[in-house]
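Structure incoming, see below.
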Amino acid sequence: MNKQLWVSALLAAFLIPAVSAAQKVERTKNWEVGDKLTYDLVVKGRSMRLVEEVVEVTDGEIRMSQRIDDRTYEVAHSTRDLSRLKGACFPSGQACEWLPGDRWADFPLEKGKTWSFTMTVRSEAFITEIASERKVEGVEQIETPAGRFEAYRVAAAERLTSRSKAGAGPYLGMASFTYWLTSIKGKLVFVKNEYVNSFGETFSRELVSAELK
């Protein structure tokens, strides 16, 4: 390989973080205290800045602060499988808990991988039972404000049964969304999300920067 081609190949390796040479991830490292992710978040057409930073890691939880404009939420993920346990419900802006957890990744990750699960989401005003089905549709390059990444594209379909804490309902609905995951410095990161449900709630987010140890 001549020098010019070698330099081009080297730059490409740095600019496009590879998910895996075999396009399969057995397990990623857990996030560490000080790791920080910044996103552009758009909810029903309103653009906001989302900042997530790890503040504590215990035997069972990765705890983060999550700032959306002028509000801060407490966030928790399981150290066992990275399931989301606590944080903001982006469409409503309410603080939520996911029980037993939102399994947004199921290892090993590879094209064609499917998983399904049920969970209960408790927000400030509602309790929602969710039956979720996920599938890794493939690996593709995705462009974001943070750069160009090779990422897993995950498609999700959910059945929703929601009741207000005041007793109204049940309200039946559906949600469909797609998200892209990549590995940066050995840690799994959301690159992009696109979400919509039958209640008219929508949001999207794109990675702006990733400051990881």
Side-chain angles (χ1 to χ4, degrees), residues 37-52 64 66-78 81-106 109 113-138 140 142 144-145 151-182 188-208:
L37 301 169
T38 302
Y39 294 90
D40 280 334
L41 174 67
V42 179
V43 179
K44 295 183 179 179
R46 181 189 171 200
S47 181
M48 294 170 279
R49 181 55 54 98
L50 163 65
V51 180
E52 298 179 335
M64 311 170 75
Q66 186 178 61
R67 298 194 309 276
I68 302 176
D69 281 355
D70 58 353
R71 181 168 180 180
T72 299
Y73 302 81
E74 293 182 0
V75 176
H77 288 260
S78 167
D81 60 4
L82 297 181
S83 290
R84 180 172 54 163
L85 307 174
K86 185 187 297 185
C89 283
F90 296 133
S92 66
Q94 296 183 34
C96 291
E97 290 184 280
W98 290 261
L99 305 169
D102 175 15
R103 287 170 48 204
W104 53 277
D106 193 76
L109 280 175
K113 178 68 176 285
T114 62
W115 66 100
S116 59
F117 58 97
T118 59
M119 60 182 167
T120 300
V121 182
R122 296 180 178 271
S123 70
E124 296 165 34
F126 288 89
I127 299 174
T128 304
E129 305 294 334
I130 298 178
S132 184
E133 296 181 357
R134 311 281 172 98
K135 181 178 181 179
V136 180
E137 295 185 324
E140 61 187 27
I142 188 79
T144 76
Y152 290 106
R153 183 181 69 249
V154 181
E158 295 185 335
R159 299 189 305 276
L160 315 175
T161 304
S162 187
R163 294 177 174 82
S164 76
K165 289 185 174 179
Y171 308 104
L172 305 181
M174 299 290 294
S176 62
F177 51 102
T178 303
Y179 54 95
W180 288 260
L181 304 173
T182 196
L188 200 62
V189 173
F190 280 101
V191 175
K192 185 177 179 179
N193 300 63
E194 295 176 348
Y195 175 96
V196 62
N197 67 29
S198 57
F199 302 128
E201 297 177 324
T202 64
F203 83 85
S204 65
R205 65 169 166 167
E206 288 188 306
L207 186 66
V208 172

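Any value given below was found using the heavy atoms of this structure, including those in side chains, with hydrogens, waters and symmetry copies removed. Sequential numbering from 1 along the given sequence is applied to the chain's residues.
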- Message: Any salt bridge linking Glu137 with Lys113? Criterion: basic side-chain nitrogen under 4.0 Å from a carboxylate oxygen.
- Response: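 Looking at Lys113 together with Glu137, the answer is no, because their closest N to O distance does not fall below 4.0 Å.
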- Query: So Phe126 and Tyr171, would you call those rings parallel, tilted or perpendicular, with 30° and 60° as cut-offs?
  - Reply: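 Geometry flag for Tyr171 against Phe126: perpendicular rings.
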- Message: Is it the case that the side chains of Ser162 and Thr128 hold a donor-acceptor pair, with the cut-off being a distance below 3.5 Å and no angle test?
- Response: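 Note: Thr128 and Ser162 side chains meet the donor-acceptor criterion.
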- Determine yes or no for a side-chain-to-main-chain donor-acceptor pair under 3.5 angstrom, with Tyr195 supplying the side chain and Ala175 the backbone.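 No; zero donor-acceptor contacts below 3.5 Å.
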Atom pairs and distances, side-chain donor-acceptor, residues 87-98, under 3.5 Å, sequence neighbours left out:
from: Ser92; atom 1: OG; to: Gln94; atom 2: N; distance (Å): 3.3
from: Gln94; atom 1: OE1; to: Ser123; atom 2: OG; distance (Å): 3.1
from: Gln94; atom 1: OE1; to: Glu124; atom 2: N; distance (Å): 3.0
from: Gln94; atom 1: OE1; to: Ala125; atom 2: N; distance (Å): 2.9

- Item | Point-to-point distance, once rounded to the nearest 0.5 Å, from CG of Asp70 to CE of Met48 |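 These two atoms lie 10.5 Å from each other.
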- Item | Reported CZ-to-OG distance for the pair Arg103 and Ser83, which is rounded to 0.5 angstrom |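 Spacing of CZ (Arg103) from OG (Ser83) equals 6.5 Å.
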- Message: Any salt bridge linking Lys135 with Asp106? Criterion: basic side-chain nitrogen under 4.0 Å from a carboxylate oxygen.
- Response: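 Salt bridge: no.
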- Task: Answer yes or no: is there a donor N or O on one side and an acceptor on the other, between the side chain of Ser164 and the main chain of Ala168, under 3.5 Å?
- Result: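 Yes; judged by distance alone, with no hydrogens or angles, the pair exists.
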- Output the distance between atom CD (Glu74) and atom CG (Leu85), rounded to the nearest 0.5 Å.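 Output value for this atom pair is 12.5 Å.
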- Message: Can you confirm whether the side chains of Thr161 and Arg159 place a donor and an acceptor under 3.5 Å from each other?
- Response: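 The answer is no; no qualifying pair exists.
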- Message: Could you check whether Trp115 and Glu133, counting side-chain N and O atoms only, form a donor-acceptor pair closer than 3.5 Å?
- Response: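 The answer is no; no qualifying pair exists.
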- Task: Could you pull out all residues at least two apart from Asp40 that satisfy side chain to side chain contact (heavy atoms under 4.5 Å, CB included)?
- Result: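 Partners of Asp40 by the side chain to side chain contact (heavy atoms under 4.5 Å, CB included) criterion, ordered by chain and then number, come out as Arg49, Pro145, Val208.
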- Spacing of Leu181 atom CG and Phe190 atom CZ [to the nearest 0.5 Å]: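 Spacing of CG (Leu181) from CZ (Phe190) equals 5.5 Å.
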- Spell out, as yes or no, whether a donor-acceptor pair under 3.5 Å connects the side chain of Tyr179 to the backbone of Ala155.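 Not at all, since once roles are kept as given, no pair shorter than 3.5 Å links the two residues.
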- Message: Just to verify, what does Val42 make a side chain to side chain contact (heavy atoms under 4.5 Å, CB included) with, not counting sequence neighbours?
- Response: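 Val42 satisfies side chain to side chain contact (heavy atoms under 4.5 Å, CB included) with Ser47, Ser204 only.
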- Message: Would you compute the distance between atom CD of Glu129 and atom CE of Met119 and round it to the nearest 0.5 angstrom?
- Response: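 Here the rounded value is 10.5 Å.
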- Between Thr144 (side chain) and Leu207 (backbone), is there a donor-acceptor pair under 3.5 Å?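 Checking the backbone N and O of Leu207 against the side chain of Thr144, a donor-acceptor pair under 3.5 Å is found.
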- Message: Return the CE to CD1 distance between Met174 and Ile130, rounded to the nearest 0.5 Å.
- Response: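 Met174 atom CE to Ile130 atom CD1 measures 11.5 Å (nearest 0.5 Å).
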